[in-house]
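Taking it in order: structure first as structure tokens, then the write-up.
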Amino acid sequence: MIDILVPAALIAKPDTFGGVPEGDCLRGAPVIRDGKLVGLTNPSDAAHLMVMPALVEPHCHLDKCHTINRIGQVGGDLHHAISSQHADKKYWDENDLRSRASRGLREAQQNGCTLIRSHVDWGDDPAPPLGWSVLVEMAEDNPGLQLAVLTGIDQWRAPEFAQKVGDILALTDGVAGAFIYGHRHTEAGLRSLFQIAAHHGLMLDFHVDEGLGDLNGLETIADVALETRFARPILCGHCVSLMDRTTDDVKRIADKLARAGITVCTLPITNLYLQGRTDGTPDRRGITRLRELRAAGVPVVVGSDNVADAFCPIGAHDPRAALALACVTAHLDPPLGDWLPAITTDAARALGAAPITVDGAALTDLLTCAVTHTADLISGRTPLRPATETLI
């Protein structure tokens, strides 16, 4: 029997799991009962495998992915990317959407993801767009695929839009969401959206403050959430403008987020590509304040965001790659295993799912990697394999 290493941050009860400490992991021979990993016995000198739960992709765009080849040599800031991607929609028929989205979904699954949330451009009309219909059909065959609406927050002010889209989301198990970037009617749109989400029991997911500068939609979301005592999960992606807030502002906003139970999703690949652009090499970092948020008790997760589209010509549907870039950009110091919940257990909670910890997990829910250090695991140099292939 081989020895295994299990990151301590991915064990619910590390004090009773057995094994011996080794860095930020516990090491020992696996104890498997009825197809579940229930503990560790004393280690030997056998070969090592690291064990972890399946990964979670909390934020991607399967309707946009893999369009860069026909969009061409596009680059620029967020607004240029939006314009370029919108022009590509003339090609978005059913076959095109299904082919590209299926490719992206396969990539995420091959990189260890079993729970994936994709945003879907909705537009201004309350009727569901073709992309939503195609991805809803795909979700029927992939129960780990969640879909979230992406439209401007001002749209949610309109009663007919809010009511009809809310009804559709309730029927299709969708997530209510919006894009917030200095919109004129942010608060009114949020109040309507929160009301619809509470009525239907929907989760909420926002693209908010996706840029450096004087943006503060994030605090408005937290204020409305606290005022309404919203009970379902709220995920806020990007939040880049926190980089331009004062220390006191960050503390105040983080406190509100923590009290409201809001999770922040950092998306380093796309934000680093789009934000802080100058005529030369940028001197600003397009990433939110990960360390300060987590120190304040705000759950922080990491997503892949855009892959090979107008918003980012590269990228990958791979949470390990996104976390590795976050480590470099935000100076996330060891023990790096402490950040693995950002692509596993904490990410699952943010998506309203029960988190899977290693202790007591079915082997079908676990992955292994032939590494001996969590930094090697996050680096992505070594592929992940199902535990059912390696621990039996």
Side-chain angles (χ1 to χ4, degrees), residues 58-61 64 68 73-85 119 153 179-183 186 206-222 235-257 262-296 298 300-316 318-319 321-333 336 339 342-343 378:
H59 183 125
C60 68
H61 294 265
K64 295 185 175 79
I68 191 62
Q73 302 297 328
V74 63
D77 61 13
L78 175 64
H79 299 290
H80 187 210
I82 291 172
S83 175
S84 299
Q85 195 71 61
H119 296 268
I153 189 62
F179 172 63
I180 300 174
Y181 189 98
H183 286 76
T186 292
F206 297 98
H207 285 58
V208 56
D209 301 342
E210 190 177 348
L212 297 162
D214 187 19
L215 299 166
N216 196 18
L218 183 61
E219 187 169 15
T220 308
I221 293 171
L235 184 58
C236 289
H238 299 291
C239 311
V240 177
S241 66
L242 280 181
M243 278 297 182
D244 282 328
R245 312 300 295 188
T246 67
T247 299
D248 288 343
D249 284 346
V250 172
K251 288 181 178 178
R252 183 188 70 251
I253 296 168
D255 175 69
K256 290 181 179 181
L257 294 170
I262 294 173
T263 299
V264 169
C265 182
T266 187
L267 303 155
I269 298 175
T270 298
N271 286 147
L272 286 168
Y273 187 73
L274 293 177
Q275 310 304 334
R277 281 180 172 263
T278 66
D279 291 336
T281 302
D283 58 4
R284 302 294 311 284
R285 295 194 175 192
I287 195 166
T288 194
R289 293 184 179 269
L290 304 185
R291 295 166 60 160
E292 294 85 349
L293 288 169
R294 197 168 78 158
V298 179
V300 173
V301 302
V302 182
S304 300
D305 204 4
N306 298 91
V307 175
D309 62 21
F311 295 80
C312 185
I314 52 174
D318 184 357
L323 179 55
L325 186 56
C327 288
V328 173
T329 309
H331 292 169
L332 304 183
D333 293 326
L336 294 181
W339 288 93
I343 56 173
I378 293 170

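Because the structure is predicted, anything quoted here is derived from the model rather than measured. Just so it is clear, the values below take in all heavy atoms, side chains as well, and ignore hydrogens, waters and symmetry mates. Sequential numbering from 1 along the given sequence is applied to the chain's residues.
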When you look at I221 and F206, which way does the side-chain contact (heavy atoms from CB on, under 4.5 Å) test go after all the steps?
CA-CA 9 Å; I221 293 171; F206 297 98; 3.6 Å; yes

What's the verdict on side-chain contact (heavy atoms from CB on, under 4.5 Å) for I82 and S84, showing C-alpha distance, side-chain angles and the deciding distance?
CA-CA 6 Å; I82 291 172; S84 299; over 6 Å; no

Determine, step by step, whether N306 and I269 satisfy the side-chain contact (heavy atoms from CB on, under 4.5 Å) criterion, reporting the C-alpha distance in whole Å, the side-chain angles of both residues, the deciding distance to 0.1 Å, and the verdict.
CA-CA 8 Å; N306 298 91; I269 298 175; over 6 Å; no

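Checked by atom type and distance alone, the side chain of D309 never pairs as donor or acceptor with a backbone atom of I68 at under 3.5 Å. A donor-acceptor contact shorter than 3.5 Å links the side chain of S304 to the backbone of D318. Remark: side-chain polar atoms of T288 are not paired, donor with acceptor, to backbone N or O of T266 under 3.5 angstrom. A donor-acceptor contact shorter than 3.5 Å links the side chain of Q85 to the backbone of A310.
Note: H61 and H207 have perpendicular aromatic rings, judged against thresholds of 30 and 60 degrees for the angle between ring planes.
A322 and P268 get closest at one heavy-atom pair: O-CG, 3.5 Å. Of all heavy-atom pairs spanning L78 and F311, the tightest one is CD1-CE2, 3.8 Å. In plain terms, the two heavy atoms of I262 and C236 that are nearest each other are CG2-SG, 3.7 Å. Closest approach of C312 to Y273, counting heavy atoms only: CA-CD2, 4.1 Å. Counting all heavy atoms, side chain and backbone alike, S241 lies closest to L215 at OG-O, 2.9 Å.
Within the 4.5 Å cutoff, the side chain of L257 has heavy atoms near those of the L293 side chain. Side-chain contact check for I253 versus L242: some heavy-atom pair is nearer than 4.5 Å. When side chains are defined from C-beta on, I343 does not count as touching V301, because their heavy atoms never get closer than 4.5 Å. The shortest distance between side-chain heavy atoms of E210 and Q275 falls below 4.5 Å. For the pair H79 and Y181, the minimum side-chain heavy-atom distance is below 4.5 Å. Residues E292 and V298 are not in side-chain contact: their nearest non-hydrogen atoms beyond the backbone lie 4.5 Å or more apart. Between C265 and H59, some side-chain heavy-atom pair lies under the 4.5 Å cut-off. Here the side chains of C239 and V208 are in contact, with some heavy-atom distance below 4.5 Å.
Annotation: the span from I378 atom CD1 to L336 atom CG amounts to 4.5 Å, rounded to 0.5 Å. In this structure, F179 CZ and D209 CG are separated by 9.5 Å, a value rounded to the nearest 0.5 Å. The CZ atom of R291 sits 8.0 Å away from the CH2 atom of W339 when rounded to the nearest 0.5 Å. Rounding to the nearest 0.5 angstrom, the gap separating the CG atom in L290 from the OG1 atom in T329 is 9.0 Å. Considering CD1 of I180 and OG1 of T186, their distance stands at 5.5 Å, rounded to 0.5 Å. For the atom pair CZ (R289) and CE (M243), the distance works out to 5.5 Å, reported to the nearest 0.5 Å.
Within the structure, the salt bridge (Lys or Arg N to Asp or Glu O under 4.0 Å) test picks out the following pairs touching residues 279-288 (sequence neighbours left out): D244-R284.
N271 and H238 share a donor-acceptor pair across their side chains, judged by distance under 3.5 Å alone.
No more than 12 heavy-atom neighbours from other residues, nucleotides or ligands sit within 6.0 angstrom of CG on D214.
By the 4.0 Å N-to-carboxylate-O rule, D249 lies close enough to R252 to be salt-bridged with it.
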